[in-house]
**Student:** 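I'd like to ask you about the structure that follows.
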Amino acid sequence: MAQGLEVALTDLQSSRNNVRHRTEEISVDRLVVRRGQAFSITLYFKNRGFQPGMDSITFVTETGPLPDLAKGTRAVFSLTGSGGPSPWIASLEANRATSLDVSLCAPPMAAVGRYLLKIRIDSYQGPVTAYQLGEFILLFNPWCPGDAVYLESEPQRQEYVMNDYGFIYQGSKSWIRPCPWNYGQFEENVIDICLELLEKSLNFQIDPSTDCALRGSPVYISRVVCAMINSNDDNGVLNGNWSENYVDGVNPAEWTGSVAILKQWHAMGCQPVRYGQCWVFAAVMCTVMRCLGIPTRVITNFDSGHDTDRNLIIDEYYDNTGRILENMKKDTVWNFHVWDECWMARKDLPPGYGGWQVLDATPQETSNGLYCCGPASVKAIKEGEVDLNYDTPFAFSMVNADCMSWLVYGGKEQKLHRDTATVGNFISTKSIQSDERDDVTESYKYEEGSLQERQVFLKALQKLKAGRSLGPHQGDSNSFSSTSRRQNSPRSLDTPSLRPSDVIQVSLKFELLDPPNMGQDINFVLLAVNLSPQFKDLKLNLSAQSLLHDGSPLAPFWQDVAFITLFPEEEKTYPCKILYSQYSQYLSTDKLIRISALGEEKSSPEKILVNKIITLTFPGIMINVLGAALVNQPLTVQVVFSNPLSEPVEDCVLTLEGSGLFKKQQRVLIGVLKPHHKASITLKTVPFKSGQRQIQANLRSNKFKDIKGYKNVYVDTGV
């Protein structure tokens, strides 16, 4: 009997393959490859070399708990290419005396995930032998033209797949501030947590075989991940909390990166981490998607609509003091809202709607029964094609709904104004390979005030009305339920004066006299201009209230009444001051204050409304790197921070992190900071990855939660 060919050892060449597949930062010990791209392995034999005429080698790859040839989760393919119709490829690279180099390649539509690699050897007149060669992880491949996530631009691939830090834009449209964030998609164990996240999804729990078979589709994967980032339907990663009460968790404003959140979720047995808000949901989803190989960027939309009743109108209600009423309706305008865009082909849609897709992991409305949103084609949103999958009507309303203002007085509602341009401003993301902000508003809608923009709005409205005429969401995979996350009402408009008539005879406008610094009094004036040839006698009710970033108003803390008489075409200013002692105890984490005035003329029933959002500013953290940064060499970091208030602050904690620079998040207990006191600390770290890196820092206390700072650091190999 002939001697069979026996495998003694397998070298998966993890380090070499991972460099070729741009996964070396994930691991050098484990094989992590991308689909549609070949990788090499070496087989070492015990007794003799491979003889092509005598030996037949067949490879088997399996993924998921129930591998199935028909579903594509099991593949059988021969080294000579005659093993059947499998799209997997094995080819001979080199045949030596007792070893064999083989090139393997997964098809560009293969399911992503953890795979088992097996081999069967059939020798002429010898025994059939089978071996388990090892495991590998297969990811999406934006470098492969055949992959649905293929992205042609290398700078874009570097930014949206490989970059492990960035900025998330917050604040308001009049004060946009970058919040540094550590995505950390290549940090230790993050890939395993991402795969664990897929296995904890309801889809996998209900039907693991089908779920694994569908993991070749970025559309499918993105919906699964989107639902798993929040915990509304499952043991997802994050609990949302908009209550301002975070005693049993972490204030969302304090997070500076995704890694600590994902690792905490894993360490707690996949119990949701407390707490997140929109930017945290989006940032964690960005980490997971970039780790899996899908190009992703974080998007901020200022003045973002939340339309719960599918009419593309955000209704806002005010009382006779100009105060926004919280309990009138579920529609809201968020001061800012954050979601993700993922890049993928959309073969499920008509041609032209691939590319960037909106995915919103913040639990607002349900989509096909789960709290997820998207993927909705950005191109479809711009063109008003709200009948295309998925959740395009809701995404459209976030950037292009109209806003209707109502006065509620004496049990009646009076229409004040319809504003077509309030919702969707300064839609922002980090620029490619730059720390600058990139405005992508024109990707989402035509210019406000243009004929095209109104035509698209009316087209979207007509499509929604046509859909409703079929019945309540009948056959509509775009439908979203009205069981909103919160049932309180809107935020104000940061606009000039509004009134029902087309001819504005009196103009009202707020103007700040000084920069609105945290801890200082707010000085501003109300500018009143009579645009008519008639005498005007005005009564003005003024108020101020804090806002949460999702538009929810808190109780008013300041009120005033002004009487102004204006001669024809006269202009007057009414000075106002809100003391720090008046607003300090009412301030939300978001540090947003809405000032408003509702005016009425004695000779007319018409009302005039004006309001303005003020974002209080504060000094950031300064980070200095002392000396050159070299891999595996000690590095000293100096952090300088201060208390911006004229009162002491307690319970101060400084946190620092940075992928490739710190093995884990650093926490430094500071204690008490005296009024306006500046302090600095130094700490040492040892960078363990080369290239462009970033340090992110946050200072919290009993008075403020999110004083941020960052420092870009280039780490040299030292060679």
Side-chain angles (χ1 to χ4, degrees), residues 166-172 176-183 225-233 236-262 264-265 272-288 298-306 326 330 332-340 358-365 371-374 394 398 428-429 484-491 546-554 587-592 613 615 655 696 698 700 704-708:
F167 299 101
I168 301 168
Y169 295 95
Q170 299 180 359
S172 66
I176 299 173
R177 73 176 182 117
C179 173
W181 195 269
N182 176 27
Y183 296 117
V225 172
C226 191
M228 276 301 296
I229 297 300
N230 67 69
S231 60
N232 286 44
D233 311 294
V237 177
L238 281 159
N239 268 342
N241 187 339
W242 289 261
S243 72
E244 290 286 286
N245 179 9
Y246 311 109
V247 292
D248 58 346
V250 175
N251 186 317
E254 294 179 32
W255 297 112
T256 52
S258 307
V259 179
I261 295 169
L262 289 168
Q264 183 177 328
W265 177 74
V273 175
R274 300 171 178 167
Y275 289 104
Q277 289 183 10
C278 65
W279 68 93
V280 188
F281 290 113
V284 174
M285 182 165 182
C286 181
T287 295
V288 175
V298 177
I299 301 289
T300 301
N301 178 36
F302 292 94
D303 300 329
S304 188
H306 180 179
E326 186 178 6
K330 292 176 286 187
T332 54
V333 177
W334 294 33
N335 209 60
F336 69 88
H337 183 49
V338 184
W339 60 73
D340 292 292
V358 168
L359 283 139
D360 189 352
T362 301
Q364 299 177 86
E365 308 293 335
Y371 277 93
C372 69
C373 177
F394 188 75
M398 291 195 293
S428 304
T429 192
S484 171
R485 171 186 58 76
R486 21 186 332 119
Q487 296 190 2
N488 51 25
S489 105
R491 188 203 71 96
S546 287
L547 292 177
L548 306 184
H549 91 273
D550 70 349
S552 305
L554 303 182
L587 204 58
S588 71
T589 302
D590 301 295
K591 297 171 287 296
L592 300 170
I613 302 290
T615 307
T655 58
Q696 299 90 13
N698 183 74
R700 71 167 172 87
F704 47 77
K705 302 300 178 186
D706 62 337
I707 292 184
K708 305 284 187 186

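Numbering starts at 1 and runs along the sequence shown.
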**Student:** Nearest 0.5 Å, what's the CD1-SG distance between Ile229 and Cys286?
**Tutor:** 10.5 Å
**Student:** How would you list, by chain and number, every residue that makes a side-chain contact (heavy atoms from CB on, under 4.5 Å) with Val250, sequence neighbours excluded?
**Tutor:** Glu254, Trp255
**Student:** Please work out which of the three classes, parallel, tilted or perpendicular, describes the rings of Trp279 and Phe336, given edges at 30° and 60°.
**Tutor:** tilted
**Student:** Can you check whether Ala283's main-chain N or O pairs, donor with acceptor, with Ser258's side chain at less than 3.5 Å?
**Tutor:** yes
**Student:** Please determine whether side chain to side chain contact (heavy atoms under 4.5 Å, CB included) holds for the pair Asn182 and Thr256, giving the CA-CA distance in whole Å, both sets of side-chain angles, and the decisive distance to 0.1 Å.
**Tutor:** CA-CA 6 Å; Asn182 176 27; Thr256 52; over 6 Å; no
**Student:** Can you confirm whether Ile261 sits close enough to Val237 that some side-chain heavy atom of one is under 4.5 Å from a side-chain heavy atom of the other?
**Tutor:** yes
**Student:** Is any side-chain heavy atom of Arg700 closer than 4.5 Å to a side-chain heavy atom of Asn251?
**Tutor:** no
**Student:** Which residues pass the side chain to side chain donor-acceptor pair (under 3.5 Å) test with Asn698, not counting sequence neighbours?
**Tutor:** Lys708
**Student:** Between Asp590 (side chain only) and Leu592 (backbone N and O only), is there a donor and an acceptor less than 3.5 Å apart?
**Tutor:** no
**Student:** Do His549 and Gln277 come close enough that some side-chain heavy atom pair is under 4.5 Å?
**Tutor:** yes
**Student:** Could you tell me whether a side-chain N or O of Thr429 sits under 3.5 Å from a main-chain N or O of Ile299, the two making a donor and an acceptor?
**Tutor:** no
**Student:** Over all heavy atoms of both residues, which pair between Tyr371 and Glu365 is shortest? Give the atoms and the distance, please.
**Tutor:** CD2-O, 3.6 Å
**Student:** Just by distance, do the side chain of Asp360 and the backbone of Cys373 share a donor-acceptor pair under 3.5 Å?
**Tutor:** no
**Student:** Looking at residues at least two apart in the chain, or sitting in another chain, which of them share a side-chain contact (heavy atoms from CB on, under 4.5 Å) with Asn239?
**Tutor:** Ser231, Pro272, Arg274, Tyr275
**Student:** Give the minimum heavy-atom separation between Trp334 and Cys278, together with the two atoms involved.
**Tutor:** CZ3-CB, 4.1 Å
**Student:** For Gln696, check side chain to side chain donor-acceptor pair (under 3.5 Å) against everything at least two apart and list the hits.
**Tutor:** Gln694
**Student:** What residues, two or more places apart in sequence or in another chain, satisfy side-chain contact (heavy atoms from CB on, under 4.5 Å) together with Ala282?
**Tutor:** Val298, Val338, Asp340
**Student:** Could I get the full list of side chain to side chain donor-acceptor pair (under 3.5 Å) partners for Asn301, not counting sequence neighbours?
**Tutor:** Ser304
**Student:** Report the residues that fulfil side-chain contact (heavy atoms from CB on, under 4.5 Å) with Ile707, sequence neighbours left out, ordered by chain and then residue number.
**Tutor:** Phe618, Ile621, Pro644, Leu699, Phe704
**Student:** Taking all atoms of both residues into account, what is the closest heavy-atom pair of Ser588 and Glu244, and its distance?
**Tutor:** CA-OE1, 3.4 Å
**Student:** Where is the tightest heavy-atom contact between Gly166 and Tyr183, given as atom of each residue plus distance?
**Tutor:** N-CE1, 3.7 Å
**Student:** Measure the acute angle between the ring planes of Phe167 and Tyr169, then classify it against the limits of 30° and 60° as parallel, tilted or perpendicular.
**Tutor:** tilted
**Student:** With sequence neighbours excluded, what pairs up with Asn241 under the side chain to side chain donor-acceptor pair (under 3.5 Å) test?
**Tutor:** Ser243
**Student:** Which heavy atom in Pro252 sits nearest to a heavy atom in Tyr246, and how many Å separate them?
**Tutor:** CD-CE2, 3.5 Å
**Student:** With heavy-atom distances below 4.5 Å as the criterion, would you say the side chains of Phe394 and Met398 are in contact?
**Tutor:** yes
**Student:** Is the side chain of Asp233 donor-acceptor paired with the backbone N or O of Ala227 at a distance under 3.5 Å, no angle test?
**Tutor:** no
**Student:** Do you know which two heavy atoms are closest between Pro553 and Leu547, and how far apart they sit?
**Tutor:** CA-CD2, 3.7 Å
**Student:** Are the side chains of Val284 and Leu262 in contact, using a 4.5 Å heavy-atom criterion?
**Tutor:** yes
**Student:** Regarding Trp339 and Thr362, is there a side-chain donor-to-acceptor distance under 3.5 Å anywhere?
**Tutor:** no
**Student:** Do side-chain atoms of Asn335 reach the backbone of Leu548 as a donor and acceptor pair under 3.5 angstrom?
**Tutor:** no
